[in-house]
Number of protein chains: 2
Amino acid sequence: MKLISRKEELVLLSIWKLRDNAYGVTITDQLAKTTGRYWSIGAVYDVLDRLTRKALVAASASDPLPERGGKSKRLYRITKDGHQALEEIREIHDTMWSDLPESALEFENP
Amino acid sequence: MKLISRKEELVLLSIWKLRDNAYGVTITDQLAKTTGRYWSIGAVYDVLDRLTRKALVAASASDPLPERGGKSKRLYRITKDGHQALEEIREIHDTMWSDLPESALEFENP
DNA sequence: CATTACTTCAGCAATCCTGAAGATATCTCT
DNA sequence: AGAGATATCTTCAGGATTGCTGAAGTAATG
């Protein structure tokens, strides 16, 4: 199985954190908050589409709400395969980051 | 500053681990060993070129060795900016992976 | 010139990115 | 009630960056 990309990992984790309230806008906000970086809304939807095609997430439509702009949202949940992909990436991360030599810094930037 | 990609992170960590012996072939072997996946040699050189252009690594030529195939190798070291990029990604990883709800698995695969 | 080890190369596939435009709900005004 | 105004969420087109492959090229010794 191919490793998931960095964005895919971060989007999956955002969905996990948002529990029942994970959709395009809240996911984007969560990413911005947690990473301290700007995330284009379109870029997030792009990753969500990819994760859906790979069946690492599944989507469902929420009921419309009786409030301004309360149109139906597309809610996302992580699938079993999605959790497995996260577990794989976590293991590799842990392995790669363990047993590093004390310091490798010998060259400065040009 | 833009986040480094997953491949860039893994290649940087491989160089770190290999200390004074980090070049195309040993880096590829190290990645295969640590991730348990096949890495095309060309793909690794591609990432190394990119990291060099971004000044996250610096390269130098080793002396040729008096043995079969002992031609000069291109050795890589991580620069100060490279270490900083790793530190950034580690912080974001730690933040994203902390405080996750107990379980988010409610949907199975289709 | 055979063999070994290392690097380059061309070109295609996948991922990442942007923000304006579109869709669907309620609110406000006459 | 009807007609915009406003709010929230999603789609879209197209370009930039990153990822991938293995055969061919280079430079050393046997």
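These values consider heavy atoms only, across backbone and side chains, with no hydrogens, waters or symmetry-generated copies. Note that this is a predicted model, so its numbers are computed, not measured. So that the names make sense, note that chain A is the first sequence line, chain B the second, and so on, each numbered from 1.
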*Does OP1 or OP2 of D/dT17 have a side-chain N or O of B/Lys2 closer than 4.0 Å?*
no
_Measure CD/B/Glu8 against P/D/dC20 and give the value in whole Å, please._
12 Å
*asked:* On DNA chain C, does the nearest nucleotide to B/Arg68 precede the nearest nucleotide to A/Pro64 from the 5' side, or the other way round? Give the residue.
replied: B/Arg68
_Any side-chain N or O of B/Arg6 below 4.0 angstrom from OP1/OP2 of C/dT15?_
no
*Which nucleotide in the list D/dG19, C/dC16, C/dT18 gets nearest to the side chain of A/Tyr38?*
C/dT18
*Does B/Asp20 come within less than 4.0 Å of B/Arg77, counting only side-chain N to carboxylate O?*
yes
*On DNA chain C, nearest-nucleotide positions of A/Ser72 versus A/Trp39: which is more 5'?*
A/Trp39
*Are OP1 or OP2 of C/dA23 and a side-chain N or O of A/Lys73 less than 4.0 angstrom apart?*
no
*May I ask you to decide if B/Glu88's main-chain N or O and B/Glu91's side chain share a donor-acceptor pair within less than 3.5 Å?*
no
*Nearest-angstrom distance from the residue atom CG of A/Asp49 to P of C/dA14*: 16 Å
*Got a donor-acceptor contact below 3.5 angstrom from the A/Ser72 side chain to the A/Pro64 backbone?*
no
*asked:* Quick check for you: among D/dT10, D/dT18, C/dC6, whose closest atom lies nearest to any side-chain atom of B/Val25?
replied: C/dC6
*Under 4.0 Å between a side-chain N/O of B/Tyr23 and OP1 or OP2 of C/dT7, yes or no?*
no
*Looking only at side-chain atoms of A/Ile41, point me to the closest of C/dT28, D/dT10, D/dT29.*
D/dT10
*Name the nucleic acid region contacted by B/Gly24, choosing base, sugar-phosphate or nothing; use a 4.0 angstrom heavy-atom cut-off, strictly under.*
sugar-phosphate
*To the nearest angstrom, how far is B/Arg53 atom CZ from D/dA16 atom C1'?*
13 Å
*Interatomic distance, A/Leu12 CG vs C/dT15 P [rounded to whole Å]*: 13 Å
*Does any donor atom in the side chain of A/Trp39 or A/Gln30 lie under 3.5 Å from an acceptor atom in the other side chain?*
no
_In this structure, would A/Trp97 and B/Val57 fall into the same cluster of hydrophobic residues linked by side-chain contacts under 4.5 Å?_
yes
_Whole angstroms only, please: what is the CG-P distance between A/Leu75 and D/dT8?_
17 Å
*Is any side-chain nitrogen or oxygen of B/Ser5 closer than 4.0 Å to OP1 or OP2 of D/dT17?*
no
*Would you mind telling me which residue lines up with the more 5' stretch of DNA chain D, A/Gly70 or B/Glu67, judged by nearest nucleotide?*
A/Gly70
*asked:* What is the distance, to the nearest angstrom, from the OH atom on B/Tyr76 to the C1' atom on C/dT7?
replied: 9 Å
*Taking only side-chain nitrogens and oxygens of B/Lys7, does any of them come within less than 4.0 Å of OP1 or OP2 of C/dA14?*
no
*Length of the line joining B/Lys54:NZ and D/dA16:C1', which is rounded to integer Å*: 12 Å
*Check whether any side-chain N or O of A/Lys17 sits under 3.5 Å from a backbone N or O of B/Ser98 as a donor-acceptor pair, and report yes or no.*
yes
*Can you check whether A/Tyr45 has a side-chain N or O nearer than 4.0 Å to OP1 or OP2 of D/dC12?*
no
*For B/Ser40, answer base if it contacts any base atom (sugar-phosphate contacts may also be present), sugar-phosphate if it contacts only those atoms, and nothing otherwise; contact means non-hydrogen atoms under 4.0 Å.*
base
*What about A/Lys71: does its side chain form a donor-acceptor pair under 3.5 Å with the base of D/dT8?*
no
*Whole angstrom is fine here: how far is it from CG in A/Asp63 over to P in D/dC9?*
15 Å
